[in-house]
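Down below is the structure, laid out as structure tokens.
Heavy-atom basis, side chains included; hydrogens, waters and symmetry copies ignored.
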Amino acid sequence: MKGVAVIFVVVLAVVSLVATPGEAISCGDVQGSLAPCLAYLTGGGEPSSSCCGGVRSLTGSLQSQQDRQTACYCMKSAASSFSVRSDAASNLPGKCGVSIGMTVTPDIDCSKVS
């Protein structure tokens with residue numbers, strides 16, 4: 001019985017770490033979601049299914065204006081760090097069948113993203 005209780009507590013701890021409602025998105029979240037897209041974003045072609053899965057996951061987690069602005073700042077920073085092709089970045093949401101409500105370009109003002 002004691003073993004079952006320990007397993008239950010561990011499962012609850014893992015669930016609370018994975019699904020904390022209302023928690024703001026971080027650059028780590030954005031980078032993790034878009035990491036499978038790096039080859040597409042720097043080289044073009046077609047995004048992989050894992051890339052589009054990450055894009056869909058990220059899009060679903062952008063619930064507030066603050067989340068969208070944070071994601072914008074993170075994507076803008078990553079785009080300059082990894083020499084992301086602007087055409088690939090602007091086409092990525094459409095190629096994955098989602099809309100993020102912004103086009104991240106080197107000159108986007110993320111403070112104006114709503």
>> If you define the side chain from C-beta out and look only at heavy atoms, does anything of Cys96 sit under 4.5 Å from Thr59?
In response: no

> In Å, rounded to the nearest 0.5 Å, how long is the span from CD of Gln31 to OG of Ser81?
Replying inline: 8.5 Å

> Taking side chain as C-beta onward, heavy atoms only, is Ile108 less than 4.5 Å from Cys110?
Replying inline: yes

> Ser48: what forms a side-chain hydrogen bond (donor to acceptor under 3.5 Å, both in side chains) with it, not counting sequence neighbours?
Replying inline: Ser50

> Who are the side-chain hydrogen bond (donor to acceptor under 3.5 Å, both in side chains) partners of Ser64, not counting sequence neighbours?
Replying inline: Asp67

For a quick test of your reading: what N or O donor-acceptor pairs under 3.5 Å do the side chains of residues 33-42 make, sequence neighbours left out?
{"from": "Ser33", "atom 1": "OG", "to": "Asp29", "atom 2": "O", "distance (Å)": "3.1"}
{"from": "Tyr40", "atom 1": "OH", "to": "Ala88", "atom 2": "O", "distance (Å)": "3.1"}
{"from": "Thr42", "atom 1": "OG1", "to": "Leu38", "atom 2": "O", "distance (Å)": "2.8"}

> Mind checking what makes side-chain hydrogen bond (donor to acceptor under 3.5 Å, both in side chains) contact with Glu46, not counting sequence neighbours?
Replying inline: Lys95

> Are Val113 and Gln65 side-chain neighbours, meaning at least one heavy-atom pair lies under 4.5 Å?
Replying inline: no

>> Could you tell me if the side chain of Cys52 sits less than 4.5 Å from the side chain of Pro47, heavy atoms only?
In response: yes

>> Test of understanding: with salt bridge (charged side-chain N to carboxylate O under 4.0 Å, His left out), list the residues that count as partners of Arg85, not counting sequence neighbours.
In response: Asp87

> Mind checking what makes salt bridge (charged side-chain N to carboxylate O under 4.0 Å, His left out) contact with Asp109, not counting sequence neighbours?
Replying inline: Lys112

> Are Tyr73 and Cys27 close enough that some pair of their side-chain heavy atoms sits under 4.5 Å apart?
Replying inline: no

> Is there side-chain contact between Leu62 and Thr70, with heavy atoms separated by less than 4.5 Å?
Replying inline: no

